[in-house]
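Take a look at the structure below.
Hydrogens, waters and symmetry mates are skipped; everything else that's a heavy atom, side chains included, is used. Quick caveat: nothing in here was measured; it's all calculated off a predicted structure. Start at 1 with the first residue, then count along the sequence.
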Amino acid sequence: PELRQDIFNVAGDTSGKALRIARQPAEAKIIERRVNYDSALTRALQMGIAIGGFRGYAFVANEEGQAIAALDLEAMALIKHVPLDSNPSQVLSVTGRNFVYPFSAKNGTLYELDPGRLTIARKVTVAPSATQAETAPSGKYVFVLSSDLHAISLDSMTSAWKMPLPEASHDFHVAPGERYAAISSRDGVSLIDLESRKLTPVAQGADFGQVKFLGDGKTLIVADRAEH
């Protein structure tokens, strides 16, 4: 009878419920899971998810609920909601670090979540609002895109530096090797030397969107929004 309850709305912290569900045959878990899927959870899964290396948990940004949902991937059960003081828009995982980093674009805040205790360890706010956050390939920084580019040191959870950016920046991506980054705006695409913090325009006269470096770090792919 207990399995007929909604496993995604279990009150409290970790209990024997997840363990009992985990021991059920896969067919039984699939049946129960499908019955209890709701649109709110589906939307939350689409908002942002970081999986890997965290005791079999998936961490989901619940933007409307101002929380991070910790899901047990084996039992497909909600273990805990970790409350935040803002609306998370991304969840980042960083190579070599045993933490999860929720980010709220609404108030420009990066949080450090301890996956062992399922609590927020530290946080830092770098801007009144922001567009996106991206981890550095080295795992030393998280870059936050707002009216400025902010580099947050994950060792100290403080802003290491910032630099002004062109107005209406759309997207940002760090190249492998972490020497350069690309940024797009309604005016064009620019390269940023992350050591000197110098910005150099490389393409102008078009409304560019998403930018991505290929794995070699030498080729940049840019979405031209005007040309579809």
Side-chain angles (χ1 to χ4, degrees), residues 47-54 59 61 68 82 84-116 119-185 189-202 209-222:
M47 287 175 191
I49 187 166
I51 303 176
F54 302 113
F59 294 91
I68 299 298
V82 181
L84 303 178
D85 55 9
S86 188
N87 309 80
S89 50
Q90 293 176 253
V91 182
L92 307 173
S93 60
V94 181
T95 302
R97 293 185 182 267
N98 295 321
F99 292 93
V100 179
Y101 294 91
F103 176 71
S104 172
K106 186 175 182 179
N107 68 353
T109 299
L110 182 73
Y111 302 83
E112 184 179 73
L113 189 156
D114 185 333
T119 57
I120 298 299
R122 299 182 294 177
K123 70 175 184 178
V124 59
T125 300
V126 294
S129 63
T131 303
Q132 70 182 76
E134 180 174 328
T135 59
S138 66
K140 294 181 179 179
Y141 300 98
V142 167
F143 294 101
V144 174
L145 180 64
S146 65
S147 56
D148 300 311
L149 178 63
H150 301 263
I152 298 175
S153 168
L154 295 182
D155 289 333
S156 62
M157 278 296 282
T158 59
S159 177
W161 54 263
K162 71 175 183 178
M163 62 174 291
L165 295 176
E167 294 184 2
S169 298
H170 296 316
D171 194 39
F172 169 82
H173 190 230
V174 182
E178 213 169 308
R179 173 67 190 274
Y180 297 100
I183 187 167
S184 65
S185 71
V189 175
S190 299
L191 285 180
I192 301 173
D193 186 320
L194 294 175
E195 291 185 0
S196 65
R197 261 96 81 186
K198 181 181 178 181
L199 187 144
T200 303
V202 294
Q210 193 171 27
V211 291
K212 289 293 180 185
F213 283 97
L214 296 185
D216 60 7
K218 299 179 180 179
T219 304
L220 179 67
I221 306 297
V222 182

| task | Over all heavy atoms of both residues, which pair between Ala127 and Ser146 is shortest? Give the atoms and the distance, please. | result | CB-OG, 3.8 Å

| remark: For Ser190 and Pro201 the tightest heavy-atom approach is OG-CA, 3.5 Å

| Verdict with supporting geometry, Leu220 and Val189, side chain to side chain contact (heavy atoms under 4.5 Å, CB included) | CA-CA 10 Å; Leu220 179 67; Val189 175; 4.0 Å; yes

| message | To the nearest 0.5 Å, what is the distance between CD1 on Ile183 and NE2 on His173? | response | 13.0 Å

| query | Given the rule in the side chain to side chain contact (heavy atoms under 4.5 Å, CB included) test, do Ser104 and Leu84 qualify, once you have shown the distances and angles that lead to the verdict? | reply | CA-CA 9 Å; Ser104 172; Leu84 303 178; over 6 Å; no

| Do you know which two heavy atoms are closest between Phe59 and Pro115, and how far apart they sit? | CZ-CB, 3.7 Å

| query | When you look at OH of Tyr141, are more than 12 heavy atoms from neighbouring residues, nucleotides or ligands closer to it than 6.0 Å? | reply | no

| Asp148 (side chain) donor-acceptor with His150 (main chain) under 3.5 angstrom | no

| note | Residues passing the salt bridge (charged side-chain N to carboxylate O under 4.0 Å, His left out) test with Asp85, sequence neighbours excluded, are Lys123

| request: Would you name the heavy atoms of Val126 and Ser159 that are closest together and state the gap between them? | output: CG1-CB, 4.2 Å

| said: With rounding to the nearest 0.5 angstrom, report the OG1 to CG distance, Thr131 to Leu145. | reply: 4.5 Å

| query | From Asn107 CG over to Asn87 CG, what is the distance, rounded to the nearest 0.5 angstrom? | reply | 8.0 Å

| said: Within this structure, what is the CG-OG1 distance for the pair Leu92 and Thr135, rounded to the nearest 0.5 Å? | reply: 6.0 Å

| query | Any side-chain heavy atom of Leu194 sitting closer than 4.5 Å to one from Trp161? | reply | yes

| query | Counting only N and O atoms by type, is there a donor-acceptor contact under 3.5 Å from the side chain of Asp171 to the main-chain atoms of Val211? | reply | yes

| task | With the side chain counted from C-beta on, respond yes when Ile192 and Phe172 share a heavy-atom pair under 4.5 Å apart, and no when they do not. | result | yes

| said: Test of understanding: with salt bridge (charged side-chain N to carboxylate O under 4.0 Å, His left out), list the residues that count as partners of Asp155, not counting sequence neighbours. | reply: Arg97

| field | Atom pair OG/NZ of Ser184 and Lys212 - distance to nearest 0.5 Å | value | 10.5 Å

| note | When every non-hydrogen atom of Ser169 is compared with those of Ser185, the smallest separation belongs to CA-CB, 3.9 Å

| said: Quick check: closest heavy atoms across Ala61 and Ile68, and the distance to 0.1 Å? | reply: CA-CD1, 3.9 Å

| Is the side chain of Glu112 donor-acceptor paired with the backbone N or O of Met157 at a distance under 3.5 Å, no angle test? | no

| remark: Output for pair (Tyr111 OH, Phe103 CZ), nearest 0.5 Å, gives 9.5 Å

| Minimum side-chain heavy-atom gap Phe99-Arg122 below 4.5 Å | no

| What do the steps show when you test Tyr180 against Asp193 for side chain to side chain contact (heavy atoms under 4.5 Å, CB included), and what is the final call? | CA-CA 5 Å; Tyr180 297 100; Asp193 186 320; 4.0 Å; yes

